[in-house]
Amino acid sequence: MNARTNGLDGSEGSAATSGAAAYGIDFRIRLPAAWNTKTFFEGIGGTAGSLNAARGDLRVAGAQDNALMRGYAVVATDTGHRTMPGTNGSFRFGFDPQARLEYGHLFLPIVANAFKTVVQAAYLQAPRRSYFIGSSGGGRQGMKATQMYPDLFDAVAVVVPGFRVASATIANMVMVQEQASISRTGVDAVTPDIATAFSRAELNFAAGKILEQCDALDGVADGMIFSPSRCAFDSQRLLCSAANPASGCFSQPKIDVFKRIHDGIPQYSPWSFDPGLAADNGWPSHRLGAVNTVAGAPNTANIAGQMAGHLAFDLVIPPVEDPFANPYLYMLNGDPAAAFAKLSATSTKFPHSAFSLMNADSPNLDKFAARKGRLLMVHGLADPYFSPADSTRYLDQLNKRYGAEAAADIVRLFLVPGMNHGTGGPTTDVYDTLQLIDNWVETGIAPNSYVAGVNPGNAALPANWSRSRTRLICAYPTEAHYRGGAIEQAASFECR
Ligand SMILES: [Ca+2]
């Protein structure tokens, strides 16, 4: 829909470079023969720009089923642009104002309404329930729907939602610069290589020290911290000294940086101290990347690549002018205050700021609440991309606006110890998001907790955990507490 062979500026994304009409909203619908009268809109993370299979894959590690197999009609979309080939190809839609608008939120009503029309035509019946599930950037999309298009969905589930992505990228810029201050230079002998800021031994040491102080606060030392509200980690425990000469201990400058990047920036939220930081899809992939072996090659950490390109080309107004620029250098040398100001900027060409287009942080859910809409949020306490404290901050805002009791009828937030960006880490990340929201909508009873299991294929699972471990995940602000019994079983915990 809305196909255009060129960007509005006439210069970007010709059909020759993208292999198709450069812009336009692609979508894919799958319709099961045995329809359960419900629909599933699949969010898409990152910078979108590709068309997923529309099976309604559930963000359930190891699960063999999907929404389609359960009888849901499913839609997926690229949100209006295709990833272009070449340098910064996934970010270059940001030079096109209409593509920014569609990616920001406009694709939601356009695709949802087309989906509804197709479903009605196919089954000669309007859908009885409509759900949206998305992770990361897809979570941001779901929250936009609750705030801007409250009639579209009966329930929205968001996992590790990047609902203040614009603000988060500035925290990322500060992280890059903080890490650079303790990094070695790369192979060009000039540019700091932030992959060297912390070694794997140091991350493992930090994870151990965090557990040492906070693991047992929930009643049991089981490698998971269920009481983040009571875990005021003392980072001086990491310091190398005569009494603490352990492998992986920290110098004082490293402790200072470690603490500051957990504290974050005032315009965003702090990060929790959680042992999941040492897992592959925690800090190593998001904040450090691989050690650079080729002069001039971009750092592979997401704060230096994915989030950097997103900020430079899709969020700030005006975007960085050279579409082939190295976004790592933008993060490394940029002025965070100046970049932050460009997130609220507009121009004649770009009439909508990044904050208005991309952030989804309005606590006004009046219309969504009036139609009995339900919002389920799940956030990993070791998510290195988007802060779990940003999700609790949002919950606190809703509690203030509606009162805790009324808010609990609209939204439930679940914090998952050890879980990284959606899945992975030393954690129980197997659970059924779709069943949770469907039960909530069909019964009207909000979930106070759910039982999660481990993914036996998760390489970050500690050796001494049972591969059938289950845990009780409690709705914020309650926290799981061990009450006695078999340590590997969720039934041995209660929400307090
Ligand atoms: Ca524990």
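No hydrogens, no waters, no symmetry mates; every other heavy atom, side chains included, goes into these values. Every number for a ligand or one of its atoms is a count from 1 in the order of the listing.
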* Between F233, W271, W283, F205, which is the residue that forms a ring-ring contact (aromatic ring centres under 6.0 Å, His included) with F258? ->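 Answer to the ring-ring contact (aromatic ring centres under 6.0 Å, His included) test with F258 among F233, W271, W283, F205: W283.
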* Flag, side chain of Q179 to backbone of R287, donor-acceptor distance under 3.5 Å ->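 Flag set: sc Q179 to bb R287 pair under 3.5 Å.
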* Asked: Do the side chain of Y402 and the main chain of L365 share a donor and acceptor less than 3.5 angstrom apart?
  ->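 Checked: pair present.
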* Asked: Counting backbone and side chain alike, does S227 bring an N/O/S atom below 3.0 Å of the Ca ion (ligand 1)?
  ->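 No - counting backbone and side chain alike, S227 has no N, O or S atom under 3.0 Å.
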* Asked: Taking the Ca ion (ligand 1) as the vertex, what is the angle from OD2 of D218 to O of V220, given to 10 degrees?
  ->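 Vertex the Ca ion (ligand 1), arms to OD2 of D218 and O of V220: 120°.
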* To the nearest 10°, how many degrees is the angle D222 OD1 to the Ca ion (ligand 1) to D215 O? ->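 With the Ca ion (ligand 1) as the vertex, OD1 (D222) and O (D215) sit 140° apart.
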* To do: Could you walk me through whether E479 and S229 pass the side chain to side chain donor-acceptor pair (under 3.5 Å) test, one step at a time?
  => CA-CA 9 Å; E479 295 177 335; S229 65; 3.0 Å; yes
